[in-house]
Undergrad: 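Below is the structure I would like to discuss, written out as structure tokens.
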Amino acid sequence: MPDLAAPLIAWYRENARDLPWRQPGFGAWGTLVSEFMLQQTPVARVIPHLEGWLQRWPTPTALAADPPAAAVTQWANLGYPRRALWLHRAAVEIRDRHAGVVPREVDDLLALTGIGDYTARAVAAFAYGDRHPVVDTNTRRVLARAVDGRSQPGPPSKGDLAAMAAILPADSAEAAIVNAAAMELGAVVCTARAARCDACPIADRCAWRAAGHPDTGDTRRRQARYEGSDRQARGAVLQALRGAVGHALADAAVIPDWSDPAQRDRAIDSLIADGLVEASGGTLRLPH
DNA sequence: GACCCGTGGTG
DNA sequence: TCACCAAGGGT
């Protein structure tokens with residue numbers, strides 16, 4: 001396999017975007033919060049929310065001292081509000097199990113609520129500088145193209161970590177840069193729709209480009225339609241409860257005019273099951 | 001491994 | 001317009 005690390009590092013040093021979590025001394029808690037927010041939410045939408053969150057809760061212990069409702073409200077419209085709940089749970093776990101310090105070991109990070117293969121290694125590599133493969137959707141696409149000669153990656157698998165580990169330099173600081181560079185390249189150059197191969201630092205050693213950019217098919221599952229979905233109903237319920245800041249709402253007063261009453265009830269039940277909503281005495285509120 | 005989970009920008 | 005896409009993770 002051609003050396004991908006060296007050109008990636010050189011390109012990243014010249015072209016990396018100036019993002020908040022890349023500031024020196026941003027800290028492991030800041031990194032952890034940003035990674036939670038970045039799970040399936042675009043960078044541009046995360047940035048405006050990050051500073052306010054960290055100002056309100058500068059440490060895991062500070063967040064853990066407030067009720068989950070505060071986290072879900074502060075989360076605002078970032079989407080997938082379960083992440084706010086899980087981030088709060090992770091903060092409690094960090095306080096109780098790690099004396100309020102974001103752990104450094106991947107296994108300890110993986111044991112926290114809401115942290116999986118990507119986020120655990122992102123924190124260990126970017127906040128603590130340790131040598132781990134970090135694989136997100138951008139990296140998977142870059143590797144699928146450059147190494148496998150495919151237009152899109154296959155389904156996520158454990159093999160993704162090994163594939164990334166195979167191109168990491170021995171030095172841990174350089175390895176962290178290669179991880180970040182692969183993500184960055186996928187985000188701004190080797191994008192899902194129209195790859196800008198003219199601006200790519202590894203175009204001369206890209207298997208996909210060498211093969212003439214074949215369309216090798218797309219195994220990804222189609223995202224379900226949002227309009228009319230249960231997710232939309234859940235979102236509407238939660239938005240109503242967020243607006244009620246703290247106090248409970250009568251069950252019947254929550255999105256009363258929803259076109260599908262059965263779907264409304266189903267949404268509320270599933271939110272209760274997730275722990276995002278509390279029901280008591282015919283009223284609903286965010287969890288305390 | 002399949003399916004579920006929000007929200008908004010974009011080509 | 002509308003399907004696609006986004007620094008994933010839990011069940």
Side-chain angles (χ1 to χ4, degrees), chain A residues 12 16-17 19-22 26 30-50 72 75-87 89-90 109-127 132-143 152-161 164 176 179-188 190-196 218-242 266-267 269-271 273-277:
Chain A
Y12 185 82
R17 290 169 295 174
L19 301 174
W21 44 90
R22 290 178 178 164
F26 193 68
T31 301
L32 183 60
V33 171
S34 70
E35 295 298 350
F36 261 87
M37 291 183 171
L38 288 163
Q39 290 170 4
Q40 294 286 280
T41 298
V43 166
R45 287 184 54 208
V46 165
I47 289 175
H49 290 272
L50 184 58
V72 173
W75 196 258
N77 62 341
L78 278 173
Y80 289 139
R82 292 198 290 196
R83 290 180 295 158
L85 189 63
W86 291 342
L87 177 53
R89 287 181 187 167
L109 288 160
L110 284 171
L112 299 173
T113 301
I115 293 189
D117 281 330
Y118 166 75
T119 304
R121 288 170 177 80
V123 170
F126 300 143
H132 302 283
V134 182
V135 178
D136 76 333
T137 185
N138 292 305
T139 296
R140 295 196 325 105
R141 184 172 53 250
V142 168
L143 292 176
Q152 299 290 343
S157 77
K158 292 296 182 185
D160 299 336
L161 288 176
M164 188 60 196
N179 280 314
M183 294 168 61
E184 185 77 354
L185 188 69
V188 303
C190 193
T191 53
R193 299 190 198 186
R196 298 171 44 223
D218 193 339
T219 59
R220 290 169 300 176
R221 206 173 65 87
R222 258 189 66 205
Q223 199 168 32
R225 180 180 183 82
Y226 183 64
E227 192 66 27
S229 68
D230 283 12
R231 280 193 293 173
Q232 185 184 35
R234 285 167 54 104
V237 170
L238 227 47
Q239 186 178 27
L241 293 179
R242 262 193 251 111
R266 190 163 65 241
D269 287 345
S270 71
L271 286 166
D274 285 348
L276 277 164
V277 170

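Quick caveat, the model's predicted, so the values are computed rather than measured. Chain letters run A, B, ... following the sequence lines, proteins first and then strands; every chain starts at 1. When reading the values below, keep in mind they use all heavy atoms of this one structure, side chains included, and skip hydrogens, waters and symmetry mates.
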Undergrad: Can you check whether V188(A)'s main-chain N or O pairs, donor with acceptor, with T191(A)'s side chain at less than 3.5 Å?
TA: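 Such a contact is absent between T191(A) side chain and V188(A) backbone.
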Undergrad: Taking the same atom, P, in dA7(C) and in dT10(B), what whole-Å distance lies between them?
TA: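 Those two atoms are separated by 13 Å.
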Undergrad: Check every strand shown and say whether A122(A) touches a base, only sugar-phosphate, or nothing at a heavy-atom separation below 4.0 Å.
TA: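 Here A122(A) touches no strand at all.
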Undergrad: Under 4.0 Å: is that the gap between some side-chain N or O of Y118(A) and OP1 or OP2 of dG9(C)?
TA: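 No.
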Undergrad: Can you check whether V123(A)'s main-chain N or O pairs, donor with acceptor, with T31(A)'s side chain at less than 3.5 Å?
TA: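 No; judged by distance alone, with no hydrogens or angles, the pair does not exist.
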Undergrad: Considering every strand and a 4.0 Å limit on heavy-atom distances, what is the contact class for D274(A): base, sugar-phosphate, or nothing?
TA: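 No contact at all - D274(A) keeps every heavy atom at 4.0 Å or more from the nucleic acid.
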Undergrad: Please give, in whole Å, the distance from dC3(B) P to R225(A) CZ?
TA: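 One finds 19 Å between P of dC3(B) and CZ of R225(A), rounded.
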Undergrad: Any base atoms under 4.0 Å from P155(A), or only sugar-phosphate, or nothing? Heavy atoms, all strands.
TA: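 The residue P155(A) makes no contact with any strand.
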Undergrad: Looking at R140(A) and D136(A), is there a salt bridge between them, counting it only when a charged N and a carboxylate O are closer than 4.0 Å?
TA: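 The answer is no: the pair does not qualify as a salt bridge.
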Undergrad: Could you state the CG-P distance from L110(A) to dG9(C), rounded to the nearest angstrom?
TA: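 Atom-to-atom, L110(A) to dG9(C), this comes out as 9 Å.
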Undergrad: Give the rounded distance in Å between these two atoms: CG of D269(A) and C1' of dC5(B).
TA: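 Going from D269(A) (CG) to dC5(B) (C1'), I get 16 Å.
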Undergrad: R121(A) near the nucleic acid: base, sugar-phosphate alone, or nothing, with a heavy-atom cut-off under 4.0 Å?
TA: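 R121(A): no heavy atom of the nucleic acid under 4.0 Å.
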Undergrad: At less than 4.0 Å, is any side-chain N or O atom of R45(A) found next to OP1 or OP2 of dT10(B)? Yes or no.
TA: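 So the side chain of R45(A) is outside the cut-off, no N or O lying under 4.0 Å from OP1 or OP2 of dT10(B).
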Undergrad: What nucleic acid atoms does R221(A) come within less than 4.0 Å of, heavy atoms only: base, sugar-phosphate, or nothing?
TA: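 The answer is base, as R221(A) lies within the cut-off (heavy atoms under 4.0 Å) of a base atom.
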Undergrad: According to a strict under-4.0 Å criterion, is N77(A) in side-chain N/O contact with OP1 or OP2 of dG6(B)?
TA: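 Negative; the distance criterion is not met.
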Undergrad: Should R234(A) be listed as having a side-chain N or O under 4.0 Å from OP1 or OP2 of dG6(B)?
TA: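 Yes, R234(A) has a side-chain N/O under 4.0 Å of OP1/OP2 on dG6(B).
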Undergrad: Nearest whole angstrom, please: distance from the C1' of dC5(B) to the CG of L85(A).
TA: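 Distance, rounded to whole Å: 13 Å.
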Undergrad: Has R83(A) got a side-chain N or O lying under 4.0 Å from the OP1 or OP2 atom of dG9(C)?
TA: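 Answer is no, no contact under 4.0 Å.
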Undergrad: Measure from the side-chain N and O atoms of N179(A) to the backbone N and O of V134(A), and report whether any donor-acceptor pair falls under 3.5 Å.
TA: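 Indeed, once roles are kept as given, a pair shorter than 3.5 Å links the two residues.
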Undergrad: Could you check whether any side-chain N or O of T119(A) sits under 3.5 Å from a backbone N or O of G116(A), counting only pairs where one atom can act as donor and the other as acceptor?
TA: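 No; judged by distance alone, with no hydrogens or angles, the pair does not exist.
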Undergrad: Identify whether any heavy atom of T139(A) sits under 4.0 Å from a base atom; if not, whether one sits that close to sugar-phosphate; answer base, sugar-phosphate or nothing.
TA: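 Touches nothing.
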Undergrad: Classify the nucleic acid contact of G116(A) as base, sugar-phosphate or nothing, counting any heavy atom under 4.0 Å across all strands shown.
TA: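 Touches sugar-phosphate only.
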Undergrad: Whole angstroms only, please: what is the CG-P distance between L109(A) and dG10(C)?
TA: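 In whole Å, dG10(C) P and L109(A) CG are 12 Å from each other.
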Undergrad: Rounding to an integer number of Å, can you tell me how far L78(A) CG sits from dA7(C) P?
TA: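 Computing the L78(A):CG to dA7(C):P distance gives 14 Å.
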Undergrad: Compare side-chain N and O positions of T119(A) against OP1 and OP2 of dG9(C) and report whether any pair is under 4.0 Å apart.
TA: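 Result: yes.
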Undergrad: How many whole angstroms separate atom CZ of R82(A) from atom P of dG8(C)?
TA: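 Nearest whole value for this atom pair: 15 Å.
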Undergrad: Can you tell me if the side-chain N/O atoms of Q39(A) get under 4.0 Å from OP1 or OP2 in dG8(C)?
TA: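 Indeed not, no polar side-chain atom of Q39(A) lies that close.
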Undergrad: More 5' along DNA chain C: E35(A) or R89(A), using each one's nearest nucleotide?
TA: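 Residue closer to the 5' terminus by nearest nucleotide: E35(A).
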Undergrad: Classify the nucleic acid contact of F36(A) as base, sugar-phosphate or nothing, counting any heavy atom under 4.0 Å across all strands shown.
TA: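 The residue F36(A) makes no contact with any strand.
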Undergrad: Hey, are the side chains of Y80(A) and R231(A) touching, using non-hydrogen atoms and a 4.5 Å cut-off?
TA: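 Yes; the side chains approach each other to less than 4.5 Å.
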Undergrad: Taking N and O atoms by type only, does the side chain of T41(A) place a donor or acceptor under 3.5 Å from a partner on the base of dG6(B)?
TA: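 Counting by modelled atom types and ignoring angles, a donor-acceptor contact under 3.5 Å is found here.
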Undergrad: Select base, sugar-phosphate, or nothing to describe what W86(A) touches, counting heavy atoms under 4.0 Å on all strands.
TA: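 Here W86(A) touches the backbone only, sparing every base.
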Undergrad: Measure CG/L38(A) against C1'/dT7(B) and give the value in whole Å, please.
TA: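 After rounding, the reported distance stands at 15 Å.
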Undergrad: Is R83(A) salt-bridged to E35(A), going by a charged N under 4.0 Å from an acidic O?
TA: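 The answer is no: the pair does not qualify as a salt bridge.
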Undergrad: Considering only heavy atoms and no angle criterion, is a donor-acceptor pair shorter than 3.5 Å present between the side chain of Q223(A) and the base of dA6(C)?
TA: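 Answer yes: a donor N or O sits under 3.5 Å from an acceptor.
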Undergrad: Does the side chain of R242(A) get closer than 4.0 angstrom to OP1 or OP2 of dT7(B) through an N or O atom?
TA: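 Checking R242(A) against dT7(B): at least one side-chain N or O falls below 4.0 Å of OP1 or OP2.
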